Every structure is written in structure tokens, then in C-alpha cells.
Amino acid sequence: MGTTAGRYRVMRLSRRFEETMHDQFGDGQVPGPLHLSIGQEAVAVGGCAGLRTSDAVISTHRGHHHCLAKGARPDRMMAELLGRTAGYSGGRGGSMHISIPDIGLIGTNGIVGAGLPIATGCAYGFQAQARDDVAVCFFGEGATGTGAFYEAINIAALWKLPLVFVCENNQIVELTPQEVHVAGELWRRGESHGMPGVRVDGNDVDAVADAVGAAVVRARAGDGPTLVEAVTYRWFGHYAGDRAAWRVEEEVQQWRERDPLIRTRAALPAEQADAIDEGIEELIGSALAFAQQSPVAGPEAIFPNHYASAS
Amino acid sequence: MGTTAGRYRVMRLSRRFEETMHDQFGDGQVPGPLHLSIGQEAVAVGGCAGLRTSDAVISTHRGHHHCLAKGARPDRMMAELLGRTAGYSGGRGGSMHISIPDIGLIGTNGIVGAGLPIATGCAYGFQAQARDDVAVCFFGEGATGTGAFYEAINIAALWKLPLVFVCENNQIVELTPQEVHVAGELWRRGESHGMPGVRVDGNDVDAVADAVGAAVVRARAGDGPTLVEAVTYRWFGHYAGDRAAWRVEEEVQQWRERDPLIRTRAALPAEQADAIDEGIEELIGSALAFAQQSPVAGPEAIFPNHYASAS
Amino acid sequence: MTTTTDVPTRALKVWQGINQALVEEMERDERVVLVGEDVGRPGGPYGVTRGLRDKFGDLRVRDTPISEQVLVGLGVGGAAVGLRPVIEIMFFDFAMIAMDQIVNQAAKFRYFSGHDLPLVIRTMAGAGGPNGAQHSQNFEAWYSAVPGLKVVMPSQAADTKGLLKSAIRDDDPVLFIETLGLYTTRHDVPQVDEYLVPIGVADIKREGSDLTVVATGRLVDRSLEAAAQLAEEGISVEVVDPRTLQPLDTEAITASIRKTGRLVVAQEATAQYSFASEICALAVEECLSELKAPPVRVASPFVNVPTPVPLAESRAPGVDDVVAAIRKAMA
Amino acid sequence: MTTTTDVPTRALKVWQGINQALVEEMERDERVVLVGEDVGRPGGPYGVTRGLRDKFGDLRVRDTPISEQVLVGLGVGGAAVGLRPVIEIMFFDFAMIAMDQIVNQAAKFRYFSGHDLPLVIRTMAGAGGPNGAQHSQNFEAWYSAVPGLKVVMPSQAADTKGLLKSAIRDDDPVLFIETLGLYTTRHDVPQVDEYLVPIGVADIKREGSDLTVVATGRLVDRSLEAAAQLAEEGISVEVVDPRTLQPLDTEAITASIRKTGRLVVAQEATAQYSFASEICALAVEECLSELKAPPVRVASPFVNVPTPVPLAESRAPGVDDVVAAIRKAMA
Ligand SMILES: Cc1ncc(C[n+]2csc(CCOP(=O)(O)OP(=O)(O)O)c2C)c(N)n1
Ligand SMILES: Cc1ncc(C[n+]2csc(CCOP(=O)(O)OP(=O)(O)O)c2C)c(N)n1
Ligand SMILES: [Mg+2]
Ligand SMILES: [Mg+2]
């Protein structure tokens, strides 16, 4: 994803993936919660631009874009969201429990803040095994209310862990605005721990890629963690079905105009962009077909995979 | 405790209280753990100098000095530490569980970091009741490893709570030095939340009183919380009985020379200081006698006070 | 059975019972405050607290950051200085994050200080929505094992309202477990000025003579339905709702078991190391000679809660499971 | 009974068994790391991990800040990327602070990913020092109710060593509960190259025919002593140590209960909603017709653990309490 085309491609994939799932949700086909990241794609795609498969990404309850940017298969993701046996968790987990360690996608998570200790563990694991891999931890600004965040930055700074903290500030925390949750400036919260911090435009995929990329290089070199605040906006409600009626429509409209996809697309020759879009439509179409052809997970799907021996 | 004499008196009381308990420990008379704060008295005494009874103090596992500075009776404290029924908890709690809400001493605590959420609650309680009381939360630098600390400063800053955070940095955390625990500079950890921070010489009772006092005035006026780092030193091991053999003797010696009591005593006319010392000896003597005359708490002491109805 | 025959009643959804209790107690006593994530402006993720912020202002109905440890700390410290806080932990699963504050701080406060700690922690347990393995768990037995804590887990709307009011008036910390799967279920609620249900008292929801079902949460209504079905076959089932798990009304429960000689325990939690285990232990310790058949636990299988509602519902015990257990115990 | 007759043994203190297991496994497999508060330079607050940092360096034996949530997270994340971490939570009580990481993260990892999570969380439970109400609790039943987690609670030194080695080799998260009150107790430990005790298998510590005592932690040795005393009166007591609480060896336990027809469960935890409840429930569900008398729970009273050692010891059940319970069940 070093090229503009590559970045646009994954953003477009994420966008169309979620729009498709949103439609499916409307049709009653998504048996779990659906937290849309539409509008925030640049954070995930820019954040993963400098990563390789063996690096780790730790995601949140709102994580489709992170998963796809780290290389998850859209067909199996769709199957999971639609509750099908071909899904990454056999259809029983839904979007908050996607975990694909083989591609370095440690997991989405239903517990706000819980990814931060785990990310610290991944980074420690790399360090202890003398691997030059890096962990990138995505989290919302709401997660900065949890103590886990600070325990993580303190240890990461102390141990110079290969870890990049990417705070995806979409300015909304479930049903209340950021102001209810965050005192002061987020990007500065590592400073007093001796950790560099930076704020970037989270709707500019190249800016995110540059900032996180530099932090990744630094981390890989053994120079420790960085905190990146990417400022963006959530277009939809907390979950599909939440109308977020309390929001000011003009604000939403302003941010829609700052759509990260439009920007990036504009930097491409129109033909190339069209070709990408077409390719994505095909991919989405066949992914949906794959998912829909997979059987709905039945009651027996809840039993396996509790213990190694019984798996 | 606005005067030098008053401050010296309480520091002396705390010092002699602990020395006496340390002797009793040596004689096998203290049936619980004993975490000595000797060398750190100025933090507690300076920290409580601007407080009134209705203000709240939240303490730690190492809290004798906080308790005495907030007005706890040395005789009942001793009784508690000696496991006697006249103790504040009937002799069953020991020094990590002293809680005297009537004088605003909310409690010492066996769980590192656990006082911080409670202190936030006290401050919220004052605010919600429109009382102009203030909470002062003492905690060790070790507690800055816990997430609870940051949850607390975030909410305190957001809500402008009447709360002063006093980090008693004695440079040692149980059995490992501060460097194992703290990345960067402690006093700056509130900055990014918009909270003022200040570092003071924790062995200078007037400096502590000035810094915390200013923060208390600010908090009482409704202008929100402050973080104060008071740099001091723990003369003894983690608990009585721990020889702390791994410490560099010269370092301990240097700090003993910076004894906060010597400084403050030197600022008093010798006669006045001698008179204070004598008064304290008497107080300690009668407190010990009081404690020793109280019956040892027997097995039945463990039963009361679990529920209101059964108390 | 709570006799409500003389009093006018109104059918309320369980969530409405909660909302009414909060409004009434906050009107009665200004020391009562409500603190939690999204409880204020949004009125709670399931709308349970709607209207409260407008009524009582944002100092008494307070939206917090995602800081569960401090959330409970706000209750502990607030109660220590004179408030009577009601703290909402959105999902019961999240209470784990604040467990030190609940178990080591709130529950032990009186033991050391001798002082009241009037604190209610409300939370929402169990499956019932497409929330998945980290938002649907039933760990009521954990908290019921803690000296100093009271644990209330009502099922029907009237009990929910009356017990929440009692919990708010109680001088000890009370964990008040609401059942998500019941929020929109309706039951009759007496319309009296002061409808209080005492903590620590079980309720016989249906009298019977052949077998006792002790049930909690969603399994109360399901057990009542099972009892109704089996009545047609001439099997007389008594349904006991303990309503409070700590302190447990052991007398009412053992009296029923002694009377019927047969026991089924029905709950949404998994069976091992659970509420149902405790009731079985009580039965065998206290009523061995009266037991005519082995007790049967009706519980969820020992697996995680899946996200899709149909799967989650297939995991939770239903009316049929209760019926089958009763038949087994009657055999 | 583990037959150790053919193998040379050495009397080791329980803590030495732990230390040996750690050394052996860290020598065998360099993916094994030890992480915790004061585990390194100081060798642990009770000296259990002494010598390890010098042997294995400070990347593999790592002192951490007081950050229990991240501590367990280091284990979860570390295991997810190839380590086999052993995490030390100093006192069992502190595990509450990390409970979300244990229950919602570690225990559910395989359920969603299908991947191994070889993680051991070692901790120290119970009274035994002057540590008080927040450092002495026995909440093993809580964790035993969690699908995806294994819970091991050994008593004697040999089991402790052999089970810790097995736990480290296990591909699931294991909560390994050590008993503070046993650290300096000596037992014979077989001196063989690979001394492994399997997880999930109970051990008959003493055979008998009149009554079964199922005991954990400090109550194992105390029950053995009670059994020895009563043997002089002709009462033949069988002592079963489950060693693992999840998965529980229900077959071994019910077989013993069926054989003797009488049951005492002895533990340091309080009785309600505990391990003992589960064993009583198992007994009545599976062995009702064989039960000759009501089972008796020997447990601590439902009160906090006081700080002074004599009071804490008066609270914990002793040999006399086990003897009295056996007599009661034999009456
Ligand atoms: C510990 C915890 N508390 C509360 C919740 C409920 N909850 C789910 S998402 C959410 C808001 C998260 O906001 P943010 O971190 O900003 O992420 P965003 O939804 O904006 O992407 C909350 C409060 C939770 N899942 N976990
Ligand atoms: C949550 C928790 N983790 C670990 C401990 C064990 N412990 C007791 S005191 C202590 C060190 C505290 O250091 P600091 O906060 O600097 O206070 P000091 O002892 O120096 O006064 C530790 C780790 C504890 N009591 N609580
Ligand atoms: Mg957000
Ligand atoms: Mg310290």
C-alpha cells in the first residue's frame, strides 16, 4: 500500500464492504452489531501502510477497516458478519471478535481499552524474541478514558517497545461527544512519559501513512513507541440502527465533504480510479456471494474451540 | 498547622509514633504489616496544612503520617496497630485499613492505586452537594503505574473537581527502584489533561504546604484539580522487617542528613522545640499505655460490621 | 406470593419500573445521584434512564468517560461523604474492570470504618441482544460470595421497582443486577405511594406441591410457563424467585424443598460454580432426607455466548428445558 | 494416590517446587518468560523466583510497574505472537484488577481465533501472613466458572511442581493458584528428569472407606491429619485432592463419594457460592441414592480476613474443624 492507487484501493474496499454490510443489515441479514467506520478509512489504511504480515495490528469494536487494511479476506469477513460458518469465527463472533493471528490481525474487541494491554504484550513478544516486528494499536478517543491506555503507554515507554499507538479520534464516544470524555489534548498524553506525540489529519491517508510510518520505522529500529492522534469523523451512528439523531446535521455534512476517498481518488488518473472501483465491485460481489452461499451457523456452532484438546 | 511549631509538632508526633511502633514490631507486638513513612513526614504534614476536618484525605498502605496529620488519635492508631479492641477497626484491620470518615480520613488502603477512584468520588460528592470542601489524595509514585490514576485525573480535570493529587515520590516501589516503574516526569502527567502540575521538595514542609495549599485554595474556589509531586525518600525497607539490603548505604545516609524534622526544628527557638519534643514524648507514652491496656482483639472480633443491620 | 390483589396495578415494562424507582427516589432524597456512561443526555443505551437528566440536572445525572474503575470509585467516595449514589455499569461484564473497587473497597468499607456506605451499582446481565461473548455474561455468583456486599437480582417489573427503591434506601453497598432479556417484558406493578420490596426475602411466584423450581432472571417467567404447562398434566410445581442472592433467603427455599421433596434450579448462567450449585448444596445439606430425587440444574452450556441472537437464544435455557428438567426430577 | 515409591524423592518446600519448575521449563524452552512485579531483581516478595533473573536475563525475567491490567495483557499479546509467558500476579486479590484481561480476553482468544494461547497466570492465595482483608482472599470458584480458562490449585510440593510444568506446556490459558500458607511446607518430590502431573486429574491423597473429604489448598494436609487422627478411632477417611478445579475431575470425585457414601468438603474459602458448593451439588446430582448423610462444608466463616495472624488463623478452618465435620457426617 505504498502507492496512492494501493491506498485508494483498500479505502474503497473498506467503504464498499461496509456499505454492503449496511444494506445487509437493513435487510435483517446481519445477526450481530455493526459499527461502521465509514469516513474513517484513511486512518486504518494509512496506519497499516508501512506494515508487513508479521507485524501485529490490534483493533477495536469498530474495526472492519483495520482488518481489511491488514489483509483480512473480505469474503470471510462478510461471512462472519452474516453469521455464516465460513466466517473467521465460524459465524458466532461477528464483527467485534475477528481475530486472525496468522496475518498479524490480533483482534477486534468488544471491550473498550482492552486492546491496549494486548498490544503491549505483542510488542513485548517481538522484543523478547528479538524479532524486528512492530505492533500498531488502534483505539478510539473514548478508550483514553480507560486506565488500560496509560498503563500501556507507561510500560511501552519504559521498555522502549516496538509499538505505535494510533488514537482514532472520530470525536464521538458511543452516544456522547468527545467533550464529555477527554480533558485537554490527546496527542500530548505520552509527552510526560517521554513519548513523542503527533496529531494528523485522519482524513488524509498520506498524512496518516507518513506519521504512522515514521513511528513504525522508529519502533522497528528499537527506538520505542509513539502516540499518533488521527482526527477524523464517524459519519453514522454508534451502530447500524442508531440514527444518532442528536447530532448536528451540518457538522455531519461538513465532514462528508471531507471524505478521505474523494481526496485520494482525485490524486489518481480518472481511468485508473474507475478501474479500481470496478475491481472492487467485482470483489465485493463475489465476497457477498461467497458469504451468502455459506451455511448459516447453527446451534452446534457455539461448542468448539474452548480448549486445545477439544478443538 | 499553619505555624512552623505546629508543623514540627505533627512531624515529630509521626516520627515518634512510627519509631515506637517499630520498637513494638521488634518485640513481636505488631500482628500486622508495618510500612514506615519515616523520612516522609513533611509530605503528609505539609499536605494537610491547609485542610479542615470536613475536607477529605485519601491515603495509602504507608499512611500513618497522613492519618496523624489529618487528626487521627495516636492512641487509637497504636491500639489498631497492636491489634487491640480500642483500635480504630477494633484491632482487626491494622495500618492498611484505618478509616475515620468523621474526621475526613477516608482511609488507608492495601491496594495500590485504589485510593484514586475513591478520592475522585469524594471530590464529586463535595461538588454535587455544593460543599466547598476539598479532597487531597496521597499516593506513591508506584501508583502511577496503575490505570486508576489516569482515569482519576481525566475525570477530575473534566469536571473541575475539588481534588489535589499529591504524589509522594519516595523513589522506591516495594523492592524495586523508581526507574523500573516511571517513564518520564511525574509532575507533568496532568499537563496534557489541562491540569497544572508542580514538583516540590518533599522534605521541606513549608514548600509542600505552600504548593498543596495553593492547590487547595484553587480547588475550593471551584477552579479544579492540581497534581503535586513531592520528592522525598523512604529511610527504611518496604515494611518493617525488610532490610532493603539491596540499597546503596550512601544514598540512604545522604537522605537521612536531609531529615525534614531537623530542618524544621532548626527554624524554631531551641526551647520551644524542646518543649514540643517533651510534649510528644508524653503523648506517645500515654498513647502506648492506652493501647497496651486495651484487650487484644480475640477471634470474635472478626464478625461485626459486615452489614448495617448486623452491626 | 406478593399479594397485590387489593391494590390497583398497572402493567409496566421492567425498564419502566427501573425508571420510576429512580425518579421517585431522586425526588424523595436529593442525596441520590445517578452516574454512568451515557445515562444522561442519551438516557442510557437501552433508554432506561431517559428523562432523568432533564428532571434532575447534570450534576445529579452525570455522564462519565469510559472509566469503570473511577465510576465505582465515584460511588464509594461519594457515599463516604454523604451522597447516596446509584452507579450504572452498562454491561455486567464491564463490572470486572471495576471489581477491585466493588469487592476490595465498597464491600469492605464498613468493616474497617464502621460507617454506612449507601451505594447502589446497577448493571445489566445476560444475553438478549446481539451483543456477544463479552457483553452477555452472568457472573452473579461471584459477587454473591463477597462479605459486605448485597446482591439483588429481580425478575419481574414490580420486584424490580420495589427492590431498586429498597436498595437505594439501604445503607450497605448493593449490586443490583438487571436482566437485559427482560427489559421490555411487562408485569403488573402495584400503584401505591411507597412500593418497597424488602432485600433478602424470596418470593413464591407460584405455589405447588410436587416440585420446587428455584429460578432467577429470565428463567422465572419461563419456569412459570413450564409450571403452567405441566399443571395440565397434573404436576404441581412451585416456583421460588430468591430475588436477592446475598443475603440468600435460605429458609424460604429450604421450606419449599422440604415441602415438595424435589428440586430444579433454573438460571441463565452456566452450571458449574454458580448460583444453581449453591442451591443444590443447600438442598443436600439441609434437606437430604426429604429429597425424593436428585436435583436438576437447568443452565446454559459451558460455552461462550455467541453473537447472533438465534444462537445466543439457543444457548440460554428455554421453557422446554425447564419442562424437561421437571420431568426428569419427577421420574 | 500418586505412586512415588520406585522413584527417589527429596523433601522440598512448596516454593522450591515452583522455582524448580520455572527453571526447568525456562531451560527447556526459550519461549518461556516470567513477568511480574518484583519477580526479577528481588526474586519475588516471598523469594519464590529468586535466582531466575541472573540465570535468564532481564528480558526473560521482567520486573514490571504496578499495572495488573497490562501485566496480563503482556501474557495475552505475548502468547499471541509466539511466547509462552508465565505472568505473576502477586496476590490473588489483585487478579481482580486484571479480570477483564483474564476472562474476556485470554479465556476467549481461542473461541474466536482458533489459535493457541499458551499462557500461565501464577498467583498466591489465602491467609498465612499478616496481610489482611485485601491480600488473603480465595476466589478460585470465580475463575473456575469461565469457559476457556483452566484453573489449577495444587497443595503439595510435588503436585505443585509437576502441575506448573504441565501448565507451562499447555496450549490454553491456565490460572495457577498457589497457596501462600503452604510455601514453606515440605513434601517429597520425585527426582526424575521430567516430573509432570496432568491437568484435570484428581489425586487420592489417602484411601479410605467410610467418608470422603474433598479438600483444596491448606486443607489437604489438614484433612490428612484429621484422617490420621480418626483412623485411630477406626474411622476410615479418604482424602481427595482435585488439584484442578477447571476442568474438574468429576469422575474421580463421584467415584469416591459413591464408595464411601459420606462427604466433607474442606477449603479455606468461605462456603456460599464456592468450590464446596459445586462439590455438594455434584454429590447430590450424581450420588443422591448413595449418600448416607448430608455433606458438610468446612470453610471460613462469611467474614473478611482480619490482619493479625492469630485472628486470620482462627478464621481459617483447622484440623479440628475437619475432625468435627467428619464426626458430624458420620453421626
Ligand atoms: C469497558 C467498556 N465500557 C463501555 C463499553 C460500551 N461502549 C462500546 S463502544 C463505546 C464508545 C467507544 O468510543 P471510542 O473509543 O471513541 O470509539 P468509537 O466508537 O468512536 O469508534 C462504549 C462506551 C465497552 N464496550 N467497554
Ligand atoms: C494493585 C496492587 N499491586 C501490587 C501491590 C503490592 N504492593 C504493595 S506496596 C507496593 C509498592 C508501592 O509503591 P509506591 O506506590 O511507590 O508506595 P511506597 O511503598 O513507596 O510508599 C506494591 C507493589 C498492591 N498492594 N496492590
Ligand atoms: Mg470515538
Ligand atoms: Mg514509592
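Every chain is numbered from 1 and lettered A, B, ... according to where its sequence line falls, protein lines coming before strand lines. This is a predicted model, so every value here is computed, not measured.
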For chain A and chain B, what donor-acceptor pairs lie under 3.5 Å, backbone included?
from, atom 1, to, atom 2, distance (Å)
Gly147(A), N, Glu151(B), OE2, 2.8
Glu151(A), OE2, Gly147(B), N, 2.8
Asn154(A), OD1, Ala183(B), N, 3.2
Asn154(A), OD1, Arg189(B), NH2, 3.2
Asn154(A), ND2, His181(B), O, 2.8
His181(A), O, Asn154(B), ND2, 2.8
Ala183(A), N, Asn154(B), OD1, 3.2
Glu185(A), N, Ser192(B), O, 2.9
Arg189(A), NH2, Asn154(B), OD1, 3.2
Arg189(A), NH2, His193(B), ND1, 3.3
Ser192(A), O, Glu185(B), N, 2.9
His193(A), ND1, Arg189(B), NH2, 3.3

- In short, Leu158(B) meets Val180(A) closest at the heavy-atom pair CD1-O, 3.3 Å
- Message: Using a 4.5 angstrom heavy-atom cutoff, name the option from Gly113(A), Gly145(A), Gly194(A), Ala157(A) with the most pairs to chain B.
- Response: Gly145(A)
- Message: At a heavy-atom distance under 4.5 Å, which candidate from Gly190(A), Gly197(A), Ala183(A), Ala148(A) has the highest pair count against chain B?
- Response: Ala183(A)
- Query: Restricting to pairs with a member in residues 195-215 of chain B, which pass ring-ring contact (aromatic ring centres under 6.0 Å, His included), not counting sequence neighbours?
  - Reply: none
